[in-house]
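Down below is the structure, laid out as structure tokens.
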Amino acid sequence: MDNKEISQAVIGRLPRYFRFLGELKDEGVERISSQELSDIMNVTASQIRQDFNNFGGFGQQGYGYNVEYLYEEIGRILGLDKTHNLIIIGAGNLGQALANYTNFERRGFLFKGIFDCNPSLHGKRIRNMKIMPMEQLEDFVKANEIDMAVLTIPKASAVKVAGRLSGTGIRGIWNFAHVDLNVPDGIQVENVHLSDSLMKLAYNINRFDNETLSCFDSGFIDEK
Ligand code: NAI
């Protein structure tokens with residue numbers, strides 16, 4: 001199956017399916033219908049069937065989905081059947097927080113090294129890694145078959161560092177710096193902006209408040 005044909009919206013929903021199916025598998029659930037999955041996940045059953053049809057359906061009509069098979073297949077589509085070797089660049093607050101989060105390893109994302117340009121941090125230990133100087137970056141990436149880099153550095157440095165990474169064999173950049181990166185075709189960039197998520201939350205609170213107010217205005221809700 002060529003993932004390039006699948007829309008990014010569908011790909012964006014796969015991790016959530018994967019998470020829910022993982023929980024069902026851990027609970028010993030063997031089969032689930034799209035309707036049952038829909039009830040748990042708060043997505044319509046037709047959306048689920050449409051999403052899964054992109055990958056050939058995964059199930060027999062009227063018989064439900066085999067939870068373990070679906071979990072494994074979605075994991076495979078997401079590339080989670082392989083391990084990924086990561087480095088973190090920028091050992092400040094965010095970089096250290098990510099390095100200390102052990103759960104990524106359960107999904108096969110292995111932090112192998114952490115780098116920073118600040119000499120006072122060099123040699124400081126974070127879990128099983130010592131913070132290294134940037135001079136060692138290229139050699140370390142090649143020697144340790146690193147395929148992903150996490151950028152937790154200010155945006156002023158991120159473009160330059162991404163440029164340095166381009167020739168090293170890195171395949172993906174998880175970019176927390178608030179800047180768009182121009183990288184060669186073979187490198188994928190995933191930008192993370194936690195503030196986007198917060199703004200969505202603010203919007204939803206706002207919308208809820210406005211809807212509640214308009215219910216008062218229209219007399220649908222009696223004021224007590
Ligand atoms: P921080 O100041 O604690 O850490 C940044 C680290 O990067 C420092 O240790 C610094 O020495 C290092 N650094 C700077 N330039 C470098 C370079 N050229 N090469 C290697 N290391 C370099 O900052 P914090 O709080 O960890 O945030 C890091 C970045 O992530 C900031 O740019 C911030 O705006 C961004 N950020 C993004 C979020 C998001 O949701 N996308 C959330 C939080 C922070």
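Each ligand, and each atom within it, is numbered from 1 in the order the structure gives. Numbers for residues simply follow the sequence, beginning at 1. Model, not experiment: these values are computed from the prediction.
Looking at ligand 1, you won't find any N or O of Asn118 less than 3.5 Å from one of its N or O atoms. Of the polar atoms of Phe176, at least one N or O is found under 3.5 Å from an N or O of ligand 1, judged by distance alone. For ligand 1, one of its N or O atoms has an N or O atom of Val192 under 3.5 Å away. The shortest N or O to N or O distance between Ile89 and ligand 1 is not under 3.5 Å. Considering backbone and side-chain atoms together, Cys117 places an N or O closer than 3.5 Å to an N or O of ligand 1.
For Tyr17 and Phe20, the distance between ring centers is not under 6.0 angstrom.
The protein heavy-atom contact nearest to atom 4 (O) of ligand 1 is Gly92 CA, 3.2 Å. Nearest protein heavy-atom contact of atom 40 (O) of ligand 1 is Leu194 N, 2.6 Å. Here the protein heavy atom with the shortest distance to atom 15 (N) of ligand 1 is Ser157 OG, 3.2 Å. Closest to atom 14 (C) of ligand 1, if we only count protein heavy atoms, is Pro154 CD, 3.4 Å.
Cluster annotation: Leu86 is not connected to Leu151 through the hydrophobic network of ILVMFWY side chains, with a link wherever side-chain heavy atoms come within less than 4.5 Å. Hydrophobic clustering (ILVMFWY, side-chain heavy atoms < 4.5 Å, transitive): Leu137 and Phe176 are in distinct clusters. Cluster membership check: Leu14 shares its hydrophobic cluster with Ile40, using side-chain heavy-atom separations under 4.5 Å among Ile, Leu, Val, Met, Phe, Trp and Tyr. Both Ile88 and Phe109 are part of a single hydrophobic cluster, where members link through side-chain heavy atoms under 4.5 Å apart.
Of all atoms in ligand 1, listed by their number and element, those nearer than 4.0 Å to a heavy atom of His193 are 40 (O), 41 (N). Here is the list of ligand 1 atoms found below 4.0 Å of a heavy atom in Met134: 19 (N), 20 (C). Which parts of ligand 1 touch Gly90 is read off a 4.0 Å heavy-atom cut-off, strictly below it: atoms 7 (O). Residue Thr152 has at least one heavy-atom neighbour below 4.0 Å for each of these atoms of ligand 1: 5 (C), 7 (O), 28 (C), 29 (C).
The OH atom of Tyr65 sits 9.5 Å away from the CD1 atom of Ile74 when rounded to the nearest 0.5 Å.
Residues Thr102 and Glu105 have side chains that never bring a donor and an acceptor to within less than 3.5 angstrom of each other. A donor-acceptor contact under 3.5 angstrom links the side chains of Asp39 and Gln35, judged on distance only. For Asp147 and Asn85, the side-chain atoms include no donor-acceptor pair closer than 3.5 Å.
The pair Asp81-Arg76 does not meet the salt-bridge criterion, since no charged nitrogen lies less than 4.0 angstrom from a carboxylate oxygen.
The side chain of Leu121, and not its backbone, has at least one atom closer than 4.0 Å to an atom of ligand 1 (non-hydrogen atoms only; side chain from C-beta on). Proximity of His178 to ligand 1, defined as any heavy-atom pair under 4.0 Å, is confined to the side chain (atoms from C-beta onward).
For atom 2 (O) of ligand 1, no protein heavy-atom neighbour is found at a distance under 4.0 Å. In this structure, atom 23 (O) of ligand 1 is not in close contact with the protein, since no protein heavy atom lies within 4.0 Å of it. There is a protein heavy atom less than 4.0 angstrom from atom 35 (C) of ligand 1.
Ring orientation note: the planes of Trp174 and Phe104 are nearly perpendicular, at an angle over 60° on the 30°/60° scale. Relative ring orientation between Tyr71 and Phe18 is described as parallel, the plane-to-plane angle staying below 30° on a 0-90° scale split at 30° and 60°.
Here the shortest heavy-atom distance to atom 6 (C) of ligand 1, taken over Val161, Asp116, Ile153, Leu94, belongs to Asp116.
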